[in-house]
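Working notes, structure below.
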Amino acid sequence: MTDGRDIRNSRARNDVSTGARDVLTGARDVSAGRRADINIVLYKDFTALDVFGPVEVLGDVDDFRLRYVSLEGGIITNRQSIRLETEPFATVARGQIVLVPGGFGSRKSIKDERFIAALRQLVDDADCVLCVCTGSALVAETGALDGRIATTNTRAFDWVADGHPAVEWVRGARWVTDGKYYTSAGVSAGIDMALGFVGDRYGLAAARDIAERMEYRWDE
């Protein structure tokens, strides 16, 4: 681990620029043992598993309270006709945890200046930021990932990376951490990242116990 940076998945280590090659695995100091809100950012046409995979993990931790939030609040839908009631971004307290999923809707939301400006405020105020899939593109659009290492959906990698050259993108990583930012590859990788976050905060045994209860083979 170097300067709070960590690439989780050995397959990625040969595909990272010189500035990140010294990154080693290790636990983060992410304030274990205090209650926190998990504020799940929703927008039209989010990917269901990007949300509910991590929710299944994080909802198993007593210290976490799950909240669904959107720019203005109200009901948010996706392509599978899932409808979720959300609270406005303005209700999110400082010093909490923000989860940003990906989805086809990210390509539209990334062009919404009001959404991106409000998201920047959320991530700036957050204790930790977890990005799944193209959720990292949305956070990168805010500028918060500039100068940091990050990853994203494999199929959308070039679109995300070409649009945000100030980020040090790691192709092929399952998930990556840099300071308070966790970013994962697509869809199911968000489950691995969420388990990694729990492991960093509460220890590997706690994360492995959740994975076992889920009957999930964790790519740790």
Side-chain angles (χ1 to χ4, degrees), residues 28 30-78 82-103 105-106 108-110 112-145 148 150 152 175-184 187 189-202 210:
R28 322 227 81 68
V30 286
S31 307
R34 68 176 178 84
R35 295 190 63 81
D37 289 342
I38 306 290
N39 296 285
I40 302 151
V41 172
L42 296 180
Y43 49 87
K44 184 174 173 55
D45 291 337
F46 63 88
T47 292
L49 191 58
D50 286 6
V51 173
F52 297 117
V55 159
E56 187 66 28
V57 173
L58 301 172
D60 214 7
V61 178
D62 290 341
D63 286 347
F64 295 154
R65 180 178 70 148
L66 302 178
R67 302 179 72 242
Y68 299 91
V69 300
S70 64
L71 180 60
E72 296 179 342
I75 293 175
I76 301 295
T77 63
N78 77 346
I82 294 172
R83 295 164 55 86
L84 290 177
E85 184 70 39
T86 66
E87 300 176 72
F89 281 177
T91 66
V92 176
R94 295 174 61 92
Q96 303 302 310
I97 298 163
V98 171
L99 170 67
V100 186
S106 63
K108 182 175 181 180
S109 293
I110 205 169
D112 184 336
E113 293 182 359
R114 287 184 60 238
F115 176 86
I116 293 300
L119 182 62
R120 178 62 194 251
Q121 188 66 56
L122 285 188
V123 301
D124 282 350
D125 290 346
D127 179 56
C128 287
V129 180
L130 314 179
C131 306
V132 183
C133 192
T134 54
S136 61
L138 296 174
V139 176
E141 186 70 13
T142 72
L145 294 179
R148 296 183 179 275
T152 191
W175 82 97
V176 167
T177 60
D178 190 336
K180 72 177 186 178
Y181 295 93
Y182 285 62
T183 57
S184 82
V187 196
I191 300 173
D192 293 333
M193 180 190 69
L195 287 165
F197 176 69
V198 171
D200 286 348
R201 197 160 187 137
Y202 298 101
I210 292 173

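No hydrogens, no waters, no symmetry mates; every other heavy atom, side chains included, goes into these values. These numbers were taken from a predicted model, which means no experiment stands behind them.
Considering every non-hydrogen atom in both G74 and S70, the closest pair reads N-OG, 4.4 Å. The two residues D127 and G95 have their closest heavy-atom pair at CB-O, 3.4 Å. The heavy-atom pair separating V98 from V41 by the smallest distance is CG1-CG2, 3.8 Å. Counting all heavy atoms, side chain and backbone alike, L138 lies closest to S106 at CD2-O, 3.6 Å. The heavy-atom pair separating D50 from P101 by the smallest distance is CB-CB, 3.6 Å. Across all non-hydrogen atoms, the minimal contact from L145 to A150 is CD1-CB, 4.2 Å.
The line from OG of S184 to CG of L130 is 9.0 Å long, rounded to the nearest 0.5 Å. Rounded to the nearest 0.5 Å, atoms CZ (R94) and CD (Q121) are 7.5 Å apart.
Under a 3.5 Å cut-off, the side chain of T77 and the backbone N or O of I82 do not form any donor-acceptor pair. With R35 contributing its side chain and D62 its backbone, the two residues share a donor-acceptor pair below 3.5 Å. Judged purely by atom type and a 3.5 angstrom limit, Y43 uses its side chain to pair as donor or acceptor with the backbone of G102. The backbone N or O of Y182 sits nowhere less than 3.5 Å from a side-chain atom of T177 that would complete a donor-acceptor pair. Between the side chain of K180 and the backbone N or O of I97, no donor-acceptor pair lies under 3.5 Å.
Side-chain contact between I38 and I40: present, with at least one pair of heavy atoms (C-beta onward) separated by less than 4.5 Å. Contact annotation: the side chain of Y68 approaches that of V51 to within less than 4.5 Å [non-hydrogen atoms, C-beta and beyond]. Annotation: side chain of N39 is not in contact with side chain of L122 (no heavy-atom distance under 4.5 Å). Residues R201 and V61 form no side-chain contact, since every pair of their non-hydrogen atoms from C-beta on lies 4.5 Å or further apart. Within the 4.5 Å cutoff, no side-chain heavy atoms of D37 are placed close to those of V92.
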Evaluate the criterion side-chain hydrogen bond (donor to acceptor under 3.5 Å, both in side chains) for residue pair S136 and T183; output intermediate values, then yes/no. CA-CA 6 Å; S136 61; T183 57; 5.8 Å; no
I would like to know whether T134 and I110 meet side chain to side chain contact (heavy atoms under 4.5 Å, CB included); could you show each step before the answer? CA-CA 10 Å; T134 54; I110 205 169; over 6 Å; no
Step-by-step side chain to side chain contact (heavy atoms under 4.5 Å, CB included) determination, T47 to N78: CA-CA 7 Å; T47 292; N78 77 346; over 6 Å; no
I would like to know whether R114 and E72 meet side chain to side chain contact (heavy atoms under 4.5 Å, CB included); could you show each step before the answer? CA-CA 10 Å; R114 287 184 60 238; E72 296 179 342; 3.2 Å; yes
Take I191 and E56, measure what side chain to side chain contact (heavy atoms under 4.5 Å, CB included) needs, and give me the verdict at the end. CA-CA 8 Å; I191 300 173; E56 187 66 28; over 6 Å; no
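Evaluated for a side chain to side chain contact (heavy atoms under 4.5 Å, CB included) with L42, the options I76, L71, I75 yield exactly one hit, I76.
Using a cut-off of 4.0 Å between Lys/Arg side-chain N and Asp/Glu carboxylate O, K108 and D112 are scored as not salt-bridged.
Side chains of T91 and R67: a donor-acceptor N/O pair is present below 3.5 angstrom, by distance only.
Classified by interplanar angle (parallel below 30°, tilted 30° to 60°, perpendicular above 60°), the ring pair F89/F115 is tilted.
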